[in-house]
Amino acid sequence: MRVLGIETSCDETGIAIYDDEQGLLAHQLYSQIELHADYGGVVPELASRDHVKKTIPLIQAAMAQADCRPEDIDGVAYTAGPGLVGALLVGATIGRSLAYAWNVPAVPVHHMEGHLLAPMLEENPPEFPFVAVLVSGGHTMIVEVQGIGAYQILGESIDDAAGEAFDKTAKLMGLDYPGGPLLARLAEKGTQGRFRFPRPMTDRPGLDMSFSGLKTFAANTIAAHDNDEQTRADIAYAFQEAVCDTLVIKCRRALEQTGLKRIVIAGGVSANQRLRADLAQLAQKVGGAVYYPRTEFCTDNGAMIAYAGMQRFKNGEVSGLAVQATPRWPIDQLQAIHS
Ligand code: KG4
Ligand code: ZN
(Lines give C-alpha, C1' and ligand atoms only; values in the text may rest on other atoms or scores of the structure.)
(Ligands and ions follow the chains in the order given, each with its own letter.)
Protein backbone atom coordinates (compact mmCIF):
# COMPACT_ATOMS: atom_id res chain seq x y z
CA MET A 1 0.00 0.00 0.00
CA ARG A 2 1.18 3.51 -0.86
CA VAL A 3 -0.04 6.67 0.88
CA LEU A 4 0.30 10.32 -0.07
CA GLY A 5 0.62 12.49 3.06
CA ILE A 6 -0.20 16.21 3.16
CA GLU A 7 0.73 18.55 6.02
CA THR A 8 -0.43 22.20 6.02
CA SER A 9 -1.43 22.85 9.65
CA CYS A 10 0.87 25.80 10.30
CA ASP A 11 3.80 27.35 8.44
CA GLU A 12 5.25 24.36 6.61
CA THR A 13 3.89 22.68 3.50
CA GLY A 14 5.01 19.05 3.81
CA ILE A 15 4.28 16.33 1.27
CA ALA A 16 5.45 12.71 1.35
CA ILE A 17 4.78 9.30 -0.13
CA TYR A 18 5.10 6.30 2.17
CA ASP A 19 5.01 2.67 1.03
CA ASP A 20 4.36 0.00 3.65
CA GLU A 21 6.97 -2.31 2.11
CA GLN A 22 9.57 0.10 0.77
CA GLY A 23 9.25 2.85 3.39
CA LEU A 24 9.53 6.53 2.59
CA LEU A 25 9.65 7.07 -1.19
CA ALA A 26 9.51 10.85 -1.36
CA HIS A 27 9.52 13.82 0.97
CA GLN A 28 9.12 17.50 0.02
CA LEU A 29 9.06 20.45 2.36
CA TYR A 30 8.55 24.15 1.97
CA SER A 31 8.99 26.34 5.02
CA GLN A 32 7.28 29.74 5.22
CA ILE A 33 9.78 31.04 7.79
CA GLU A 34 10.92 33.95 5.57
CA LEU A 35 7.32 34.94 4.83
CA HIS A 36 6.51 35.39 8.53
CA ALA A 37 9.92 36.60 9.74
CA ASP A 38 9.08 40.32 9.49
CA TYR A 39 6.03 39.81 11.72
CA GLY A 40 7.86 37.84 14.42
CA GLY A 41 5.30 35.02 14.26
CA VAL A 42 2.97 33.12 11.95
CA VAL A 43 0.32 35.30 10.25
CA PRO A 44 -2.54 32.82 9.65
CA GLU A 45 -3.96 34.45 6.51
CA LEU A 46 -0.52 34.62 4.85
CA ALA A 47 0.10 30.99 5.83
CA SER A 48 -3.13 29.83 4.13
CA ARG A 49 -2.42 31.80 0.97
CA ASP A 50 1.06 30.35 0.71
CA HIS A 51 -0.18 26.77 1.21
CA VAL A 52 -2.58 27.42 -1.70
CA LYS A 53 0.43 28.24 -3.88
CA LYS A 54 2.77 25.49 -2.72
CA THR A 55 0.72 22.36 -2.02
CA ILE A 56 0.01 21.17 -5.58
CA PRO A 57 3.51 21.85 -6.98
CA LEU A 58 5.00 19.98 -4.01
CA ILE A 59 2.65 17.03 -4.58
CA GLN A 60 3.81 16.96 -8.21
CA ALA A 61 7.44 17.10 -7.07
CA ALA A 62 6.90 14.24 -4.60
CA MET A 63 5.15 12.12 -7.26
CA ALA A 64 8.09 12.71 -9.61
CA GLN A 65 10.63 11.96 -6.85
CA ALA A 66 8.91 8.64 -6.06
CA ASP A 67 8.37 7.93 -9.77
CA CYS A 68 4.67 7.51 -8.98
CA ARG A 69 1.61 7.95 -11.17
CA PRO A 70 -1.79 8.70 -9.63
CA GLU A 71 -2.84 5.04 -10.07
CA ASP A 72 0.08 4.00 -7.82
CA ILE A 73 -1.41 5.87 -4.83
CA ASP A 74 -3.78 3.82 -2.66
CA GLY A 75 -4.87 6.48 -0.20
CA VAL A 76 -4.47 10.14 0.77
CA ALA A 77 -3.76 11.20 4.36
CA TYR A 78 -4.07 14.86 5.28
CA THR A 79 -3.56 16.76 8.53
CA ALA A 80 -7.05 17.64 9.80
CA GLY A 81 -5.97 19.31 13.06
CA PRO A 82 -5.02 20.69 15.44
CA GLY A 83 -3.74 23.81 13.71
CA LEU A 84 -4.76 27.03 11.97
CA VAL A 85 -8.13 26.48 10.34
CA GLY A 86 -7.38 28.28 7.07
CA ALA A 87 -4.06 26.48 6.69
CA LEU A 88 -5.64 23.10 7.53
CA LEU A 89 -8.43 23.68 5.01
CA VAL A 90 -5.96 23.99 2.14
CA GLY A 91 -4.36 20.57 2.68
CA ALA A 92 -7.66 18.96 3.67
CA THR A 93 -9.51 20.22 0.59
CA ILE A 94 -6.72 19.33 -1.82
CA GLY A 95 -6.21 15.93 -0.18
CA ARG A 96 -9.91 15.03 -0.10
CA SER A 97 -10.38 16.21 -3.70
CA LEU A 98 -7.39 14.28 -5.05
CA ALA A 99 -8.61 11.13 -3.31
CA TYR A 100 -12.01 11.62 -4.95
CA ALA A 101 -10.48 12.20 -8.38
CA TRP A 102 -8.16 9.20 -8.00
CA ASN A 103 -10.97 7.03 -6.60
CA VAL A 104 -9.03 6.13 -3.44
CA PRO A 105 -9.93 6.64 0.23
CA ALA A 106 -8.86 9.65 2.28
CA VAL A 107 -8.14 9.76 5.99
CA PRO A 108 -7.84 12.78 8.32
CA VAL A 109 -4.70 12.66 10.49
CA HIS A 110 -4.09 14.22 13.90
CA HIS A 111 -0.99 16.43 13.66
CA MET A 112 0.32 15.49 17.11
CA GLU A 113 -0.17 11.78 16.41
CA GLY A 114 1.98 12.40 13.35
CA HIS A 115 4.72 13.89 15.56
CA LEU A 116 4.34 11.09 18.11
CA LEU A 117 4.79 8.40 15.47
CA ALA A 118 7.63 10.15 13.59
CA PRO A 119 10.35 8.07 15.40
CA MET A 120 8.77 5.01 13.73
CA LEU A 121 10.33 6.21 10.48
CA GLU A 122 13.81 5.63 11.94
CA GLU A 123 15.95 2.52 11.79
CA ASN A 124 15.54 1.56 15.43
CA PRO A 125 11.91 2.42 16.20
CA PRO A 126 10.55 2.25 19.76
CA GLU A 127 8.30 -0.62 20.76
CA PHE A 128 5.03 0.08 22.55
CA PRO A 129 4.31 0.97 25.30
CA PHE A 130 6.29 4.15 26.00
CA VAL A 131 6.08 7.61 27.51
CA ALA A 132 5.98 10.37 24.88
CA VAL A 133 7.23 13.87 25.59
CA LEU A 134 5.51 15.91 22.88
CA VAL A 135 7.09 19.32 22.62
CA SER A 136 6.13 21.54 19.71
CA GLY A 137 5.40 25.19 19.08
CA GLY A 138 1.70 24.73 19.80
CA HIS A 139 1.56 21.87 22.32
CA THR A 140 3.50 20.42 25.22
CA MET A 141 2.31 17.22 26.82
CA ILE A 142 3.46 13.98 28.38
CA VAL A 143 1.49 11.03 27.07
CA GLU A 144 1.32 7.37 28.07
CA VAL A 145 1.27 5.48 24.78
CA GLN A 146 0.04 1.88 24.90
CA GLY A 147 -0.27 1.57 21.11
CA ILE A 148 -1.31 3.60 18.08
CA GLY A 149 -4.25 5.76 19.14
CA ALA A 150 -4.14 4.54 22.75
CA TYR A 151 -3.04 7.79 24.32
CA GLN A 152 -3.49 8.95 27.87
CA ILE A 153 -2.41 12.50 28.58
CA LEU A 154 -0.51 12.43 31.90
CA GLY A 155 0.23 16.14 31.94
CA GLU A 156 0.38 19.20 29.73
CA SER A 157 1.33 22.84 29.75
CA ILE A 158 -1.36 25.00 31.26
CA ASP A 159 -0.11 28.02 29.30
CA ASP A 160 2.69 28.39 26.71
CA ALA A 161 4.03 25.37 24.86
CA ALA A 162 7.77 24.70 25.26
CA GLY A 163 8.49 25.78 21.68
CA GLU A 164 6.39 28.91 22.16
CA ALA A 165 8.40 29.75 25.31
CA PHE A 166 11.63 29.28 23.34
CA ASP A 167 10.34 31.52 20.53
CA LYS A 168 9.00 34.27 22.84
CA THR A 169 12.18 34.35 24.91
CA ALA A 170 14.28 34.41 21.73
CA LYS A 171 12.20 37.36 20.50
CA LEU A 172 12.91 39.23 23.75
CA MET A 173 16.60 38.65 23.06
CA GLY A 174 16.26 40.11 19.58
CA LEU A 175 16.59 36.81 17.71
CA ASP A 176 14.69 36.13 14.48
CA TYR A 177 11.56 33.99 14.25
CA PRO A 178 11.35 31.09 14.99
CA GLY A 179 13.92 31.72 17.66
CA GLY A 180 13.99 28.28 19.31
CA PRO A 181 16.90 26.84 17.32
CA LEU A 182 18.76 30.20 17.41
CA LEU A 183 18.39 30.46 21.18
CA ALA A 184 19.67 26.88 21.49
CA ARG A 185 22.73 27.80 19.43
CA LEU A 186 23.38 30.88 21.57
CA ALA A 187 23.10 28.72 24.71
CA GLU A 188 26.04 26.59 23.53
CA LYS A 189 28.34 29.52 24.41
CA GLY A 190 26.65 30.13 27.77
CA THR A 191 28.21 29.68 31.20
CA GLN A 192 26.63 27.22 33.58
CA GLY A 193 25.58 28.67 36.93
CA ARG A 194 25.65 32.41 36.18
CA PHE A 195 21.86 32.64 36.12
CA ARG A 196 19.27 30.33 37.58
CA PHE A 197 15.74 30.29 36.20
CA PRO A 198 12.86 28.67 38.13
CA ARG A 199 11.62 25.14 37.34
CA PRO A 200 7.89 25.98 37.23
CA MET A 201 5.39 23.67 38.94
CA THR A 202 8.01 21.09 39.91
CA ASP A 203 7.55 21.74 43.65
CA ARG A 204 4.03 20.33 43.57
CA PRO A 205 2.81 16.90 42.57
CA GLY A 206 1.41 16.16 39.14
CA LEU A 207 2.63 16.32 35.58
CA ASP A 208 1.18 19.59 34.36
CA MET A 209 3.65 22.27 33.33
CA SER A 210 3.80 26.03 32.91
CA PHE A 211 6.32 27.83 30.74
CA SER A 212 4.95 31.36 30.42
CA GLY A 213 6.65 32.55 33.63
CA LEU A 214 10.07 31.74 32.19
CA LYS A 215 9.72 34.37 29.50
CA THR A 216 8.85 36.98 32.15
CA PHE A 217 11.85 35.84 34.19
CA ALA A 218 13.97 36.19 31.04
CA ALA A 219 12.60 39.70 30.40
CA ASN A 220 13.50 40.78 33.96
CA THR A 221 16.97 39.22 33.74
CA ILE A 222 17.64 40.92 30.40
CA ALA A 223 16.51 44.30 31.80
CA ALA A 224 18.75 43.98 34.87
CA HIS A 225 22.00 43.23 33.01
CA ASP A 226 24.24 44.52 30.23
CA ASN A 227 23.33 43.30 26.77
CA ASP A 228 26.77 41.94 25.88
CA GLU A 229 27.16 38.71 23.89
CA GLN A 230 28.29 36.61 26.87
CA THR A 231 25.38 37.75 29.04
CA ARG A 232 22.94 36.92 26.25
CA ALA A 233 24.49 33.47 25.91
CA ASP A 234 24.35 32.97 29.69
CA ILE A 235 20.66 33.90 29.77
CA ALA A 236 19.94 31.57 26.84
CA TYR A 237 21.80 28.81 28.68
CA ALA A 238 19.85 29.28 31.90
CA PHE A 239 16.52 29.45 30.08
CA GLN A 240 17.17 26.28 28.08
CA GLU A 241 18.43 24.50 31.20
CA ALA A 242 15.22 25.39 33.06
CA VAL A 243 12.94 24.14 30.26
CA CYS A 244 14.91 20.89 29.90
CA ASP A 245 15.14 20.30 33.67
CA THR A 246 11.40 20.83 34.05
CA LEU A 247 10.64 18.38 31.25
CA VAL A 248 13.06 15.83 32.74
CA ILE A 249 11.49 16.13 36.22
CA LYS A 250 7.99 15.66 34.79
CA CYS A 251 9.11 12.81 32.53
CA ARG A 252 10.77 11.06 35.48
CA ARG A 253 7.47 11.23 37.35
CA ALA A 254 5.68 9.81 34.29
CA LEU A 255 8.09 6.85 34.22
CA GLU A 256 7.59 6.26 37.95
CA GLN A 257 3.83 6.52 37.63
CA THR A 258 3.53 4.17 34.64
CA GLY A 259 6.44 1.82 35.33
CA LEU A 260 7.61 2.40 31.74
CA LYS A 261 11.25 2.83 30.71
CA ARG A 262 11.08 3.87 27.06
CA ILE A 263 10.89 7.60 26.28
CA VAL A 264 9.91 9.11 22.93
CA ILE A 265 10.58 12.81 22.30
CA ALA A 266 8.80 14.36 19.33
CA GLY A 267 7.70 17.73 17.96
CA GLY A 268 9.90 20.68 17.01
CA VAL A 269 11.67 20.99 20.37
CA SER A 270 12.82 17.34 20.15
CA ALA A 271 15.50 18.74 17.80
CA ASN A 272 17.04 20.37 20.89
CA GLN A 273 20.35 18.67 21.67
CA ARG A 274 20.31 19.51 25.37
CA LEU A 275 16.82 18.03 25.81
CA ARG A 276 17.87 14.88 23.94
CA ALA A 277 20.97 14.49 26.10
CA ASP A 278 19.11 15.15 29.37
CA LEU A 279 16.34 12.66 28.58
CA ALA A 280 18.92 10.11 27.38
CA GLN A 281 20.58 10.42 30.79
CA LEU A 282 17.24 9.87 32.53
CA ALA A 283 16.53 6.81 30.36
CA GLN A 284 19.96 5.43 31.20
CA LYS A 285 19.34 5.86 34.93
CA VAL A 286 16.16 3.76 34.75
CA GLY A 287 17.67 1.20 32.37
CA GLY A 288 15.53 2.37 29.46
CA ALA A 289 16.13 4.12 26.17
CA VAL A 290 15.22 7.33 24.41
CA TYR A 291 13.92 7.67 20.84
CA TYR A 292 13.47 10.70 18.63
CA PRO A 293 13.08 11.42 14.91
CA ARG A 294 15.92 12.57 12.67
CA THR A 295 16.21 16.36 12.97
CA GLU A 296 14.28 17.18 9.78
CA PHE A 297 11.32 15.10 11.01
CA CYS A 298 11.24 16.75 14.46
CA THR A 299 9.57 19.83 13.01
CA ASP A 300 6.50 19.70 10.76
CA ASN A 301 6.74 17.45 7.72
CA GLY A 302 4.64 15.29 5.40
CA ALA A 303 6.41 12.01 6.17
CA MET A 304 4.92 11.71 9.65
CA ILE A 305 1.44 12.36 8.22
CA ALA A 306 1.84 9.75 5.47
CA TYR A 307 3.07 7.25 8.09
CA ALA A 308 0.27 7.95 10.60
CA GLY A 309 -2.28 7.85 7.74
CA MET A 310 -0.93 4.46 6.65
CA GLN A 311 -1.60 3.05 10.12
CA ARG A 312 -5.13 4.46 10.08
CA PHE A 313 -5.84 2.98 6.62
CA LYS A 314 -4.52 -0.40 7.75
CA ASN A 315 -6.99 -0.18 10.62
CA GLY A 316 -9.77 0.18 8.07
CA GLU A 317 -10.41 3.84 8.81
CA VAL A 318 -11.62 5.93 5.89
CA SER A 319 -13.54 9.16 5.91
CA GLY A 320 -16.59 10.00 3.83
CA LEU A 321 -16.58 12.82 1.30
CA ALA A 322 -16.55 15.50 4.00
CA VAL A 323 -13.49 17.69 4.33
CA GLN A 324 -12.35 17.61 7.97
CA ALA A 325 -10.57 20.59 9.53
CA THR A 326 -10.57 20.52 13.33
CA PRO A 327 -8.46 23.36 14.84
CA ARG A 328 -8.90 22.00 18.38
CA TRP A 329 -8.70 18.22 18.62
CA PRO A 330 -7.55 16.55 21.87
CA ILE A 331 -5.19 13.66 21.13
CA ASP A 332 -6.88 11.38 23.67
CA GLN A 333 -10.05 11.38 21.56
CA LEU A 334 -8.44 9.29 18.82
CA GLN A 335 -9.50 5.76 18.07
CA ALA A 336 -7.13 3.15 19.46
CA ILE A 337 -5.75 0.60 17.02
CA HIS A 338 -5.60 -2.87 18.53
CA SER A 339 -2.94 -4.93 16.86
O1 KG4 B 1 6.47 20.81 15.69
P2 KG4 B 1 6.76 22.13 15.12
O3 KG4 B 1 7.48 22.20 13.80
O4 KG4 B 1 5.46 22.96 14.91
C5 KG4 B 1 4.34 22.82 15.71
O6 KG4 B 1 3.60 21.80 15.54
O7 KG4 B 1 4.16 23.70 16.55
O8 KG4 B 1 7.58 22.91 16.24
C9 KG4 B 1 8.13 24.17 16.01
C10 KG4 B 1 8.76 24.66 17.30
C11 KG4 B 1 9.14 26.12 17.28
O12 KG4 B 1 8.65 26.72 18.46
C13 KG4 B 1 10.66 26.07 17.25
O14 KG4 B 1 11.28 27.19 17.84
C15 KG4 B 1 10.93 24.83 18.06
O16 KG4 B 1 9.95 23.92 17.62
N17 KG4 B 1 12.29 24.30 17.84
C18 KG4 B 1 13.26 24.28 18.78
C19 KG4 B 1 14.41 23.73 18.18
N20 KG4 B 1 14.10 23.42 16.88
C21 KG4 B 1 12.80 23.78 16.70
N22 KG4 B 1 13.26 24.67 20.07
C23 KG4 B 1 14.39 24.50 20.78
N24 KG4 B 1 15.53 23.99 20.27
C25 KG4 B 1 15.59 23.59 18.98
N26 KG4 B 1 16.73 23.08 18.49
ZN1 ZN C 1 4.01 20.32 14.59
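The shown structure was predicted, so the numbers you read here are calculated from the model rather than taken from an experiment.
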Geometric class of the H111/H115 ring pair [parallel <30°, tilted 30-60°, perpendicular >60°]:
perpendicular
Measure the shortest side-chain to side-chain distance between T231 and F195 over non-hydrogen atoms and say whether it is less than 4.5 angstrom.
yes
So which atom in G114 and which in A308 form the shortest heavy-atom distance, rounded to 0.1 Å?
CA-CB, 4.2 Å
Verify the cluster assignment for W329 and I153: are they in a single hydrophobic cluster under the rule of side-chain heavy atoms below 4.5 Å apart?
yes
Are V286 and L279 linked, directly or through other ILVMFWY residues, by side chains that come within less than 4.5 angstrom of each other?
yes
Among R194, R199, Q192, whose side-chain contact (heavy atoms from CB on, under 4.5 Å) with R196 holds?
R199
State whether R49 and E45 are salt-bridged, where the test is any N-O pair (Lys NZ or Arg NE/NH1/NH2 against Asp/Glu carboxylate O) under 4.0 Å.
yes
Using a cut-off of 6.0 Å, state whether more than 12 heavy atoms not belonging to I158 lie near its atom CD1.
yes
Shortest non-hydrogen contact from G179 toward D167:
N-OD1, 3.4 Å
Non-hydrogen atoms of A162 and T140 that approach each other most closely:
N-OG1, 2.7 Å
Please check if the side chain of R232 supplies one atom and the backbone of N227 the other of a donor-acceptor pair under 3.5 Å.
no
Between T55 (side chain) and G91 (backbone), is there a donor-acceptor pair under 3.5 Å?
no
What's the spacing between H27 NE2 and L58 CG if we round to 0.5 Å?
10.5 Å
Grab the two heavy atoms, one from R274 and one from C244, that are nearest each other, plus how far apart they are.
CG-SG, 3.6 Å
Under 4.5 Å between side-chain heavy atoms, counting indirect links through other Ile/Leu/Val/Met/Phe/Trp/Tyr residues: same cluster for M304 and F313 or not?
yes
Do you reckon M112 sits in the same ILVMFWY cluster as L121, going by side-chain contacts under 4.5 Å, direct or chained?
yes
Kindly say whether S9 contributes a backbone atom to a donor-acceptor pair with the side chain of E7 at under 3.5 angstrom?
yes
From C10 atom SG to L88 atom CG, the distance as rounded to the nearest 0.5 Å
9.0 Å
Using modelled atom types and a 3.5 Å cut-off, is there a donor and acceptor pairing between side-chain atoms of Y237 and backbone atoms of I235?
no
Does D19 come within less than 4.0 Å of R2, counting only side-chain N to carboxylate O?
yes
Spell out, yes or no, whether V133 and L260 are grouped together once hydrophobic residues are joined by side-chain heavy atoms under 4.5 Å, including indirect joins.
yes
Evaluate T8 against K54 for side-chain contact (heavy atoms from CB on, under 4.5 Å), listing each step before the verdict.
CA-CA 10 Å; T8 65; K54 297 293 182 334; over 6 Å; no
Distance-minimising heavy-atom pair for A218 and T169:
CB-CG2, 3.6 Å
Hey, does the side chain of Y307 reach the backbone of P119 with a donor-acceptor pair shorter than 3.5 angstrom?
no
How about E156 and H139: does a side-chain donor come under 3.5 Å of a side-chain acceptor?
no
When rounded to the nearest 0.5 angstrom, what is the spacing between CD1 in I331 and CD in E113?
6.5 Å
Are more than 12 heavy atoms, taken from residues, nucleotides or ligands other than N220, located less than 6.0 Å from that residue's CG atom?
yes
Can you confirm whether N103 is buried at CG, in the sense that more than 12 heavy atoms of other residues, nucleotides or ligands lie under 6.0 Å from that atom?
no
A side-chain contact here means heavy atoms from C-beta on lying under 4.5 Å apart; do D72 and R69 qualify?
yes
Going from CD1 on I15 to CD on Q65, what distance comes out if it is rounded to the nearest 0.5 angstrom?
11.5 Å
Above 12 or not: heavy atoms from other molecules or residues under 6.0 Å from CD of E71?
yes
How about D234 and Q230: does a side-chain donor come under 3.5 Å of a side-chain acceptor?
yes
Nearest non-hydrogen partners of V269 and L275, listed with the distance:
O-CD2, 3.9 Å
Compare all side-chain heavy atoms of I73 with those of C68 and state whether any distance is below 4.5 angstrom.
yes
Y100, OH: over 12 other non-hydrogen atoms inside 6.0 angstrom:
no
Counting C-beta onward and ignoring hydrogens, is there a side-chain heavy-atom pair between R312 and L334 closer than 4.5 Å?
yes
Looking at D226 and D228, would you say the former's side chain and the latter's main chain have a donor-acceptor pair under 3.5 Å?
no
Please confirm whether the ring centroid of F239 lies under 6.0 Å from the ring centroid of F217.
no
Evaluate side-chain contact (heavy atoms from CB on, under 4.5 Å) for M209 paired with L247, printing each intermediate quantity in order.
CA-CA 8 Å; M209 294 157 273; L247 288 166; 3.6 Å; yes
Should E122 and F297 count as side-chain neighbours, where that means a heavy-atom distance under 4.5 Å?
yes
Using atom types as modelled and distance alone, determine if a side-chain donor or acceptor of T326 lies under 3.5 Å from a backbone N or O of R328.
no
So NE2 of H110 and CG of D332: to nearest 0.5 Å the spacing works out to 8.5 Å
Between the main-chain N or O of V43 and the side-chain N or O of H36, is there a donor-acceptor pair closer than 3.5 Å?
yes
Could you walk me through whether I17 and M63 satisfy the side-chain contact (heavy atoms from CB on, under 4.5 Å) test, starting with their C-alpha distance in whole Å, then the side-chain angles of each, then the deciding distance to 0.1 Å, before giving a yes or no?
CA-CA 8 Å; I17 297 169; M63 296 289 277; 3.8 Å; yes
With distance as the sole test, does N315 use its side chain to make a donor-acceptor pair with the main-chain N or O of E317 at under 3.5 Å?
no
Taking the side chain as every heavy atom from C-beta outward, state whether Q273 and E188 have any atom pair closer than 4.5 Å.
no
Determine which pairs satisfy salt bridge (Lys or Arg N to Asp or Glu O under 4.0 Å) with at least one residue from residues 85-111, sequence neighbours left out, and list them in order.
none
Measuring only between side-chain heavy atoms, which start at C-beta, is E164 closer than 4.5 Å to F211?
no
Begin with the C-alpha distance, continue with both residues' side-chain angles, and end with the deciding distance and a verdict on side-chain contact (heavy atoms from CB on, under 4.5 Å) for F197 and V243.
CA-CA 9 Å; F197 278 50; V243 173; over 6 Å; no
Keeping the roles fixed (side chain from K250, backbone from M201), state whether a donor-acceptor pair exists under 3.5 Å.
yes
Rounded to the nearest 0.5 Å, the CZ atom of F130 sits from the CD1 atom of I265 at a distance of 12.0 Å
Short N-O contact, E256 and R253, less than 4.0 angstrom:
no
Side chains of P327 and P82 in contact at under 4.5 Å (non-hydrogen atoms):
no
Kindly check if the number of other-residue, nucleotide or ligand heavy atoms within 6.0 Å of CD (Q284) is above 12?
no
